[in-house]
Every structure is written in C-alpha cells, then in structure tokens.
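In listed order, ligands and their atoms are each counted from 1.
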Amino acid sequence: MQLRHLRRLLATEPTLRHAKNAKNADSAGGVGEHAGRARRVRAVVERLARVERAPLVTVESTASVREGLHHERLVFQSPVRGSFDGTLLAPLDPAPGPAVLVLGGKNARLDQLTGDVPPDHPDRNVAEQLARAGFVTLSFDHGIGGGLDAGRRAGRDEGTLLAHAFALTGRSLLGALTGDALGALDVLDAHPRVDPLRVGLFGHSLGAAVALHTALLSGRQDVPLCTASHLGSYQALFERLLTGHEGAVLPGILEYADLPDLYGTLAPAPLQLQYGTADSYLDPDDARAAADAVRETYTNVGAEVEVHELAMGHGTHVGHAAGFFTRTLATTRPPTQAAPQVPAQRIHFEVDERRTVLDRVDAALSSGILTQGPQVARFEELAHPWTGTDTAAVASGSAALEIALRIIGVAGRTVLVPVNTFFATAAAAVRAGAAVRFVDIELDGLGMDPDALHAALDRHPDTAAVLPVHIGGIVSPALDPVLAHCHRYGIPVVEDAAHAFGATLDGRPAGSFGRFGAFSFFPTKVAVSGEGGLLSAASADDLEQVRRWRDHGKSAQGSTLHDRPGGNWRLSELHAAVGTVDLERFTGTLAARRVLAARYDALLADVPGIRPHAVPAAAGSNYYKYLAYLDPDGPLDRPLLKKLLRERHGVALAGEVYDHLLCDHPQFARQRELDAAGGPFERARWFARHHVALPLYPSLTEAEQIRVVAALRSELP
Ligand SMILES: *Cc1c(COP(=O)(O)O)cnc(C)c1O
C-alpha cells in the first residue's frame, strides 16, 4: 500500500471548512458567518446523504415491564432498508419526560445495548443505563449484521457489501441509516412518554456518525448530541482503518467538510465528545486536534463544547453521557427556539430537484452550450400548458414587457398602465420611449378599471398600448370590458402576467388574452428560474419578432445583420436548468397554493379585524399573494402590525402588491402633475392602504398557517 500516495489523495482542502476560515476571517463576523457556513454545510450533507423522507412505520409493538423499566419491543418498516428491530425503554412513571435516541456501533447488538442480555463489555448497555438514569431511550438494530446469507457473502463484511450496493445507486449506507434515525426521532417525539422538546442523541462509533448526521439534518437547531469513539480527521481515520469506513462517511464529503467541521456546524447546540487514548481505531493526537478545532468553532460563537479525553479503548463513558443529558435535557426548550420563524417567503427545492438542476447545469457545461440551447427550448415547451400559447424565453419579466412594447412601437406615444403595479411595468414603457399615464383599478379582481380606462383613452388619443396587470395572480373578470374597449379603439393589449403564471379567467390562461403576455421567473414569483421571463404572443409572426429582438435585433436567426435596436434579452441555459425543474413540478405547486389559500379562507372566517379578499368565481388564481384587508374602522397601522407579528410571534407577512402607487414614486413626479385629470385614484389608494399579504408558499405547513392566524387573532383589535 503506497500510503504517501493515499495521503496526497485525501489531503483535499474542504471548501466549507470551519476552523481554518474562522482563523483567517475577521472574528467579529463570528456568529453571522458561522450561521451562513453552517447552512451551506447542512445543505451539502443533505444533498450527499439523499435521505428518503418517508416515515418510519412501526409495524409491531409489544410492551412489558422488565426489571423496573417499561420495555417495548418494536419492529419498524423502513422505506430503504426493509424491516428491523428496535427497543424502547422508559422509567415506569408514564408522565412525559426527556428521551435519548441511542445509536450503537457497527457490531453492537440491540439486546446488549438494552441490557436484555448481559453486555459483553461494561459500557455496552448504554440504552439500559440511560433509562435507569431517568431517560426514555430508543435504540435499533442497524441491520448490517446477519441480514445477508452467509454463503453469498463468502466471508465478506456485510457493511462493506451494503455500502457498495448503495454506492452503485449514488446513495450511501450512512444516508440510509440517518434516514432511519430521523424516522426514529419522529417515533420518539410522538411517544406518549416523551416530551418532544426534550430529546437528545447519543451515538457510539458508527452510531456516532449516524447521530451526528441525524443532528445535522433533523432541522432542530439545538438538539443535544453526545458521541463516543468517533473523533478525528477523515484522513487519519482512514489511515488507521484502511477502509472506506463503510457506513460512517458520506461519499464525497471531504471535498466540502472534514469531520471536525461537521461537529462544528452544530454550534451552539449542546455537544459532548468522548474519546479514548487507548482506542485502536483512533489516533489520540488527531482526535485531540479535532476536538480543538470543534472547540474553536464553538468559542467563536460564544458557546462551549464538552470534551472528555478518557483512558479507555473504543468505548463509551456512560456516566459522562448521562450527566450531559441530565444537564441539557433538564428543562423544556423555550418555545422561541422550538418553533422556528414563519418567513414571508421560502424558496424550496427538494434534494432530488437540486440534483436534477445540477445534472442539467453539468450537461450545459459539458456541452459548452451555455445560452439559448436545449434547456431553454425545453423551458418554453414546459410553459406551454400554462400559457396556452407558444412563448419565447427571455432574460426577465421586464425584458418581456419591453420587447412587446418595442414590437408594437410605442415610442413618442402614450402607454396606459394601472396606477397600482410594480415599477417595472411602467419602466419598461419608459425605456421603450413612451409617455406613461396611469389608470385607477377596480376592487373586485384588482384589475384596470374599465370606466377609468375608457376615460383615459378619451384623454389620450395617441395611446399605443394598454398594460393590464394581474395583481396577486388574479386575472380580473374586468379584463373582458378592458379588452373590449381596446379592441374598439384598435389598441394592442400587453398583459403584465408577471404574477399570474398558471392563473386563469374562465379557464383561459393568463397571457393568452392580449397580443402579448409577459411572465417573470424572478425568485419571488410562483415559478422561478433565478432570473428569467417568458413572452407569449398570439401570432406566430409576433413570436418570431420576439426571437429577433431578444438576440440583439438580428434580422434572421444566425444572421450577422441587425435591423432593429434589439438587446441581449436571452435566457441562459443555466437559468433554464432551474426553470425547467420548477416547471416540471408546477402542477403540484399550483395545487398546493390553492389548498393553502382555501385553508386560510377557513381559518380566517371568524377572526375579527381582517377579511380575506374574495377572489371572483371566474378567476382561477394561482395565489401569488393571499390578500386580506384590515378592518378600515380599526386602528389601521400595517407597519406596526407587521412589527408585532414578527417580534412577538415570529411571523413575517409577505410584501404588499403594492404599498406605494406608481404616481407616488419620485421617478413619476412629473406625471403626477400631468395626471391631475387621471387622479386621485381613490380605489387604488384604498387598496394600497388596507391590504396585507399572508405568507403562502408550497412548503408552508398547516401548523404554520394556524400559527399565522393565531398571531393575527391575538394582535388585531
Ligand atoms: C416582477 C414583476 C415584473 C418584472 O419582472 P422581472 O423578472 O423582475 O424583470 C414586472 N411586472 C410585475 C407586476 C412584476 O411583479
């Protein structure tokens, strides 16, 4: 074995390393920097572990009393590993108390962990000893000893065989074990003898690796973790064992983080590390250095890690572990820590979706086609069912609007825009050379008011285009008379459908009503590509013009002659890689948003001081925003309400659409004077002042919705 060569191979500098970076970095940035790095490490671990989030099912449970302990023999069904045994031990007092998930080493036998048979080593029966110290314990068989028949194993180590089988599918044994441990945490949480706010993790050796990764992926920020006989750098552990350390390491992890980095990521959660100076699997100097690195990370965020260097072999000091859990699980965690914030917005991609994006980015990079290639074509194709027309992908929603207006040719003429919309609607018209004039809205579907539009068309006979906006994802029934007015005057309509991808009116998709429809895939919208837009066009000729304009105004595809002042409004393949993945799941996105909206409707029905916006029956909203109105007779102070919800309840409301009318932006100060005749936009002003938008995104849970509504109930007069 050429050890020097191996060393060189393993001497990767992890890109998300803790301690090293911390030393170089300005230590003032400590806590915030740590939080950012910890988030990135957890994301990498999540991606490499590829945990199946299917629940662990308890298929059998037999309870008895054994030597002064409540004893439950359990059989679990795991989505990845089939069925395996577990044991729950608890003090006889049935009142809910603290609990520890106990994960044994690779060769640990469940019946020894639990003391069902006398342990072959005094510290083996960790689960029993912790139960006698007052904790509910749950432990299970890793199922990597004795599951495969001996003949076919032909003397080979079962863990190794399993690890290799997982590797063939791009998965890992550690990921599978961690998935089961996460499921076991849920089993503990739900158990009547367990206080779910007082649950800790213990692991020995391989079990320590599982416990560490479970802590990293549990989503609980402060779960106490005690590990024994599992400390050092991956390089030293490898050199000692000269195996891939099957089941204990995520393949590829060393590129991002070494073992001490993973422990450090847990800071400031309570952590106890035990290692023995006579442990033949570890190098004591290396373990000590690793402990120092973890300690440094903890110190940087003002927390402490408990380290026990012990005169023991590859074992556990159960007394220290019991002491640690007694201290850290003595009291229920404060609810602010237990309940994370409900953010205004959560952009969530599942690990499988993230991996698909990465694969598509990889395909783009390896092909060298970085823009305007197959991913963009697929993005346009996937959009078709939602737009009802062919579309051309562009760089942004703003680019889509500007291209439409340039094709129409609005320079030197008037473009009519609702006074309640995002700045970009009007700015696109300004860039295309038009004079913008504002029109009031109607309060039913929040669209352009047909009567106000009629008056504006009379006032501005040079109107070149009208831009209705589908506010909050509602295509207003008032769009019909708006279209009729425009049709009568022969004025083209460009729908600003930036909010409305997937929304309909009388079953017809947003963006299919006007000559053009402009969509945005900015991260706050219902479908996202990072940056991106789509322009739908009713006619094939218009769509071909869009393709010329987005590509520097080339007179034909591939031509080096340019016949119009086009721009670089192309969508990159890398953005399309994100966009295609988001569109592939869009049916689910839309369904989830509608379920959430219906639930808010029901939950808010008896809450005084707030009234949901009644979406017109003909409109199939995508619920880009869930809009509600604060009682106009109440003490209206939206900023104060938002502040109280945030500070007292950890609930953030979403951004309004919009809090300022366009005519009130400094950019349009001059229009304000010119528009005196169009003002005072009473309905838009009422809307801007009274509405709120509740957090709504597919990953929002029912519990979070209940929390949002409870917070509103307690803060509204
Ligand atoms: C987001 C948005 C736009 C602009 O879209 P980008 O992709 O950010 O350029 C235009 N109009 C409205 C109403 C929007 O909400």
Side-chain angles (χ1 to χ4, degrees), residues 344-345 347 376 379 383 387 391-406 415-432 434 436 438-439 441 445-448 465-476 479 493-503 510-511 513-514 516-536 546 549-550 567-572 575-576 578-579 582-583 621-627 654-663 665 667-668 684 687-688 691 693 696:
Q345 166 113 33
I347 296 162
V376 169
F379 181 64
T387 57
T391 59
V394 292
S396 68
S398 312
L401 287 168
E402 184 172 344
I403 293 172
L405 292 169
R406 292 209 179 242
V415 167
L416 296 178
V417 170
V419 71
N420 178 59
T421 178
F422 183 53
F423 178 74
T425 317
V430 171
R431 283 197 309 277
V436 171
F438 301 122
V439 180
I441 63 167
L446 308 175
M448 206 177 236
V466 172
L467 268 72
V469 183
H470 308 315
I471 289 294
I474 301 169
V475 185
S476 173
L479 183 62
V493 168
V494 178
E495 296 173 65
D496 182 340
H499 295 187
F501 189 80
F513 294 88
F516 293 102
F519 299 91
S520 166
F521 294 83
F522 184 70
T524 60
K525 312 293 159 109
V526 290
V528 304
S529 63
E531 296 286 1
L534 270 182
L535 191 52
S536 62
V546 176
W549 277 94
R550 74 177 171 187
N568 171 6
W569 288 314
R570 294 175 302 243
L571 186 69
S572 82
H575 289 99
V578 179
D582 205 29
L583 290 189
S621 179
N622 64 8
Y623 291 97
Y624 169 57
K625 296 284 174 174
Y626 184 90
L627 300 170
E656 290 82 33
V657 281
Y658 291 86
D659 60 343
H660 293 291
L661 299 186
L662 281 188
C663 59
H665 287 271
Q667 164 69 24
F668 294 114
F687 175 75
H691 79 279
L696 191 154

Could you list which atoms of ligand 1 come closer than 4.0 Å to a heavy atom of Ser396? 7 (O), 9 (O)
Are the side chains of Asn420 and Leu446 in contact, using a 4.5 Å heavy-atom criterion? no
Give a yes/no verdict on whether any heavy atom in Tyr624 is under 4.0 Å from an atom of ligand 1. no
Could you tell me which atoms of ligand 1, counted from 1 in the order shown, lie closer than 4.0 angstrom to a heavy atom of Tyr658? 13 (C), 15 (O)
Where does the angle between the aromatic ring planes of Phe423 and His665 fall among parallel (under 30°), tilted (30 to 60°) and perpendicular (over 60°)? tilted
With heavy atoms of Gly397 as the reference, note each atom of ligand 1 found under 4.0 Å away. 5 (O), 6 (P), 7 (O), 9 (O)
Ranked by distance from atom 14 (C) of ligand 1, the top protein heavy atom is Lys525 NZ, 3.0 Å
Parallel, tilted or perpendicular: which describes the rings of Phe521 and Phe501, with under 30° parallel and over 60° perpendicular? perpendicular
Please work out whether any backbone atom (N, CA, C, O) or any side-chain heavy atom from C-beta onward of Thr421 is under 4.0 Å from ligand 1, and answer side chain, backbone, both or neither. side chain
Should Phe687 and Leu627 count as side-chain neighbours, where that means a heavy-atom distance under 4.5 Å? yes
Less than 4.5 Å apart, any side-chain heavy atom of Ile471 and any of Ile441? no
Nearest-contact summary for atom 11 (N) of ligand 1 - protein heavy atom, Å: Asp496 OD2, 2.8 Å
Specify side chain, backbone, both or neither for Ala424, according to which of its non-hydrogen atoms lie closer than 4.0 Å to ligand 1. side chain
Report the nearest protein non-hydrogen atom to atom 9 (O) of ligand 1: residue, atom name, distance rounded to 0.1 Å. Ser398 OG, 2.5 Å
With a 4.5 Å cut-off on side-chain heavy atoms, are Leu479 and His470 touching? yes
Where is the tightest heavy-atom contact between Ala428 and Leu405, given as atom of each residue plus distance? C-CD1, 4.0 Å
